[in-house]
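Some notes on the structure that comes next.
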Amino acid sequence: MQEFDVIVVGGGHAGCEAALASARLGLKTAMITLYLDSIAMMSCNPSIGGPGKSNLVTEIDILGGEMGRHTDQFNLQLKHLNESKGPAARVTRGQADKFLYRTNMRLTLEHTENLSILQDCVEKLLVQEDEVYGVKTRLGIEYKAKSVILCTGTFLKGKVVIGDITYSAGRQGESAAEKLSENLRELGLQVERYQTATPPRIDKKSIDFSKLKELHGEKHPRYFSIFTEKKENTIVPTWLTYTNEKTLEKTKEMLQYSPIVSGIIETHGPRHCPSIDRKVLNFPEKTDHQIFLEMESLDSDEIYVNGFTTAMPPFAQDEILHTISGLEQAKIMRYGYAVEYDYMPAFQLYPSLENKKISGLFCAGQINGTSGYEEAAAQGLVAGINAARKILGKNPIFIDRSEAYIGVMIDDLIHKKTPEPYRVLPSRSEYRLHLRFDNAFMRLYEKTKEIGLLTQEKLLLVEKAIQNVKQEVERLKTISISMQEANQFLEKKQCSDLFSKGVKIADILKKKEITYLDLKELIEIPDYPEFVHNQIETILKYEIFMEREEKQILKFKELENQLIPKDFDFSFVKGISNIALSGLLEVKPLSIGEAGRISGVTGNDLALLIAHLR
Ligand SMILES: Cc1cc2nc3c(=O)[nH]c(=O)nc-3n(C[C@H](O)[C@H](O)[C@H](O)COP(=O)(O)OP(=O)(O)OC[C@H]3O[C@@H](n4cnc5c(N)ncnc54)[C@H](O)[C@@H]3O)c2cc1C
Ligand SMILES: NC(=O)c1ccc[n+]([C@@H]2O[C@H](COP(=O)([O-])OP(=O)(O)OC[C@H]3O[C@@H](n4cnc5c(N)ncnc54)[C@H](O)[C@@H]3O)[C@@H](O)[C@H]2O)c1
């Protein structure tokens with residue numbers, strides 16, 4: 001029997017990060033996936049990033065993952081969103097070149113030491129006394145491993161739906177994995193079902209571009225990776241059009257054929273990415289929904305119709321699409337579809353993403369009930385790191401809610417039962433000002449040092465950048481400037497909110513009209529990279545709000561640091577309510593903070609638990 005340290009099942013975004021992390025940490029790793037040519041395939045939109053998701057990508061990058069730097073290299077455009085809003089809202093949205101993203105990710109995997117890639121379908125986990133020791137595939141081959149990471153996406157008993165047509169598939173054109181989820185059930189694990197969908201793709205040559213608004217990205221964007229060095233980014237356009245009253249009428253007329261309405265689809269799909277059918281059902285008064293037309297790659301004429309997700313029958317998709325300005329003659333190359341699949345509710349996992357019942361089994365990505373490439377990649381990275389650390393005899397890396405959106409996501413997945421596939425959103429974080437897109441390198445430096453995936457050279461660069469930020473913030477707080485000079489400068493910058501006495505340079509930077517680089521006119525400014533400037537500026541401008549948030553984080557950390565032993569039996573806690581007990585027994589929290597986030601656990605239950613542990 002061939003032996004590995006870690007086997008990663010699946011070559012999607014979770015699988016790629018998991019396999020790379022494990023192999024790069026020196027573990028003999030295998031990725032077993034259904035089809036080698038669809039490694040790192042983007043099942044739907046060519047987009048990476050946007051609100052919340054971009055924060056995940058910068059976190060992946062600083063922790064040593066691949067998605068950020070890869071998107072920086074293989075994109076068609078990078079666009080800044082929310083520039084007029086506060087720093088917590090400003091993000092980058094990438095439009096990836098799907099073809100180059102996929103093929104180059106495969107090359108990266110193939111060129112990684114310690115990593116083997118195999119095409120096959122895993123049908124069974126090999127488990128003895130609640131400990132995984134390998135997998136068995138459809139070809140009847142058994143592979144031994146100390147840890148297995150399941151990253152199976154939408155493929156477990158996947159069923160594609162278009163109108164009233166259904167067939168077995170994990171994604172359109174790719175076979176499903178029919179047997180593995182039955183095996184997971186036999187092992188006593190809970191398996192449930194979700195659904196997701198994608199819009200049609202159309203031929204670029206059939207679009208009337210004269211009716212569309214052309215949009216470009218930035219030549220000099222804020223990249224996902226602070227290590228990216230590029231002279232200029234590509235600015236391939238996307239195009240914007242809108243639905244209208246005719247679209248609404250036609251969709252209403254066609255709703256009778258919608259698999260959501262007919263009941264062929266009964267499972268829940270991502271609420272934050274509604275299909276055109278849902279938009280019309282839920283917001284009947286709105287007629288002008290945005291439709292972005294995005295190229296999937298420079299190597300093809302296929303255009304993604306962003307905002308037009310549907311699994312209606314082909315004739316309905318054609319008729320509705322043709323009501324949209326610029327798309328009157330549009331030719332569909334691939335029809336939109338939905339896919340239903342099995343997933344494993346994530347309360348069955350520890351925050352390390354290891355299964356609570358089966359030791360050595362980790363899960364990441366859509367199998368944990370999420371939706372989204374970035375969500376999948378972030379979990380893959382955490383699972384890959386922790387599977388490797390377990391074998392190396394090291395403590396798992398836990399990332400908490402105050403440190404990263406990765407922590408928010410994993411914590412939510414384990415403790416909150418969401419009725420639909422989970423997607424990261426800024427509103428899910430209580431520490432939004434702290435978990436910004438631009439400061440992952442400041443937040444996660446200690447973690448990434450402990451993990452060991454970044455090279456020494458990159459670690460030094462981060463360490464120096466953090467030092468520069470801190471020193472410069474302090475320096476600006478010590479340099480004085482007279483009232484007269486300060487106000488002259490502010491007036492020149494069209495700032496009417498003047499000072500009534502002499503101030504420090506830092507006070508000038510607090511004014512919203514003033515940038516860090518503007519200070520060049522007053523004092524000497526060191527030649528730091530842009531990502532360092534951004535930090536100095538944001539820290540000083542938003543100091544008061546950040547201090548407030550930091551106090552909340554300290555309180556949060558106090559509870560997180562009150563640990564509960566892994567094998568603690570909650571049934572011994574006297575006086576605790578039945579509902580709290582069942583939640584505690586299901587989730588098996590590892591800290592008082594975690595226990596407090598389980599639904600049904602009240603302040604009184606928590607006090608009893610703390611008293612018992614003392
Ligand atoms: C139709 C559709 C529309 C979507 N829309 C979007 C979108 O617009 N934007 C977005 O961010 N997300 C979207 N998603 C979700 C996104 O594709 C997933 O969340 C993301 O790709 C999940 O990554 P993953 O690594 O978990 O799984 P996937 O990317 O699905 O990869 C799963 C991998 O596992 C392999 N595999 C599965 N079972 C086995 C097995 N038993 N043995 C061996 N190999 C196996 C498969 O071959 C595949 O390589 C959509 C998904 C689908 C299917
Ligand atoms: N079907 C699914 O299963 C599913 C599930 C989860 C997420 N998703 C996908 O996740 C991604 C994120 O969702 P989202 O709602 O934030 O959408 P998004 O990333 O498409 O939009 C984010 C913001 O960017 C802007 N934008 C969108 N496309 C643009 C373009 N081409 N050029 C310029 N600006 C553009 C929009 O105005 C929007 O405010 C989407 O691609 C969505 O399709 C799909």
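Ligands are counted one by one from 1 in listed order, and the atoms in each one are counted from 1 as well.
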Give the numbers and elements of all ligand 1 atoms closer than 4.0 Å to a heavy atom of [X].
X      : result
Ile32  : 43 (C), 44 (N)
Gly11  : 33 (C), 34 (O), 48 (C), 49 (O)
Ala197 : 1 (C), 3 (C), 4 (C), 5 (N)
Thr198 : 1 (C), 3 (C)
Val122 : 40 (C), 41 (N), 42 (N), 43 (C)
Lys53  : 11 (O)
Val339 : 53 (C)
Cys121 : 41 (N), 42 (N), 43 (C)

Is the closest N or O pair between [X] and ligand 1 shorter than 3.5 Å?
X      : result
Ala177 : no
Tyr373 : yes
Gln366 : yes
Ser38  : no

Out of [options], whose heavy atom is nearest to [atom]?
atom                    : options                       : answer
atom 46 (C) of ligand 1 : Tyr343, Tyr422, Phe155        : Phe155
atom 39 (C) of ligand 1 : Thr152, Asp342, Thr370        : Thr152
atom 32 (C) of ligand 1 : Pro46, Gly10, Cys151          : Cys151
atom 5 (N) of ligand 1  : Cys44, Ala18, Gly15           : Cys44
atom 10 (C) of ligand 1 : Gly372, Ser43, Ala377, Gly380 : Gly372
atom 45 (C) of ligand 1 : Leu118, Leu34, Leu156         : Leu34

Which distance, rounded to the nearest 0.5 Å, do you find between the CD of Glu110 and the OG of Ser116? 11.5 Å
Could you give the distance from CG (Asp301) to CD1 (Ile202), rounded to the nearest 0.5 Å?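 Going from the CG atom of Asp301 to the CD1 atom of Ile202 covers 11.0 Å.
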For His415, check side chain to side chain contact (heavy atoms under 4.5 Å, CB included) against everything at least two apart and list the hits.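 In terms of side chain to side chain contact (heavy atoms under 4.5 Å, CB included), with neighbours along the sequence ignored, His415 is linked to Asp411, Val587, Glu594, Arg597, Ile598.
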Taking atom types as modelled, find out whether [X] and [Y] have a side-chain donor-acceptor pair closer than 3.5 angstrom.
X      : Y      : value
Ser47  : Lys53  : no
Glu354 : Asn386 : no
Thr370 : Gln379 : yes
Gln348 : Asn355 : no

For ligand 1, is any non-hydrogen atom under 4.0 Å from [X]'s backbone (N, CA, C, O), its side chain (CB onward), both, or neither?
X      : result
Ala14  : both
Ile367 : neither
Thr154 : both
Cys16  : neither

Could you tell me which non-hydrogen atom of Ile264 sits nearest to which non-hydrogen atom of Gly163, and how far apart they are?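 In this case the closest contact between Ile264 and Gly163 is CD1-O, 3.6 Å.
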Kindly give the heavy-atom pair with the smallest separation between Leu215 and Leu240, and that separation in Å.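 For Leu215 versus Leu240, the nearest heavy atoms are CD1-CB, 4.0 Å.
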Are the aromatic rings of Tyr101 and His70 close, with centres under 6.0 Å apart? yes
May I ask you to check whether Phe99 and Phe74 place their ring centers less than 6.0 Å from one another?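 Judged by ring-centre distance (under 6.0 Å), Phe99 and Phe74 do not meet the cut-off.
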With a 4.0 Å cut-off on heavy atoms, does Tyr337 reach ligand 1?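 Distance cut 4.0 Å: Tyr337 passes for ligand 1.
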Decide, yes or no, whether a salt bridge links Glu123 with Lys136 under the criterion of side-chain N to carboxylate O below 4.0 Å.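 Salt bridge absent between Glu123 and Lys136.
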Check whether Arg222 reaches the backbone of Asp438 with its side chain - one donor and one acceptor, N or O, closer than 3.5 Å. no
Write out all pairs satisfying ring-ring contact (aromatic ring centres under 6.0 Å, His included) with one or both partners inside residues 333-361, taking only residues at least two apart or from two chains.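 Applying ring-ring contact (aromatic ring centres under 6.0 Å, His included) to every pair that reaches into residues 333-361, excluding sequence neighbours, yields Tyr194-Tyr343.
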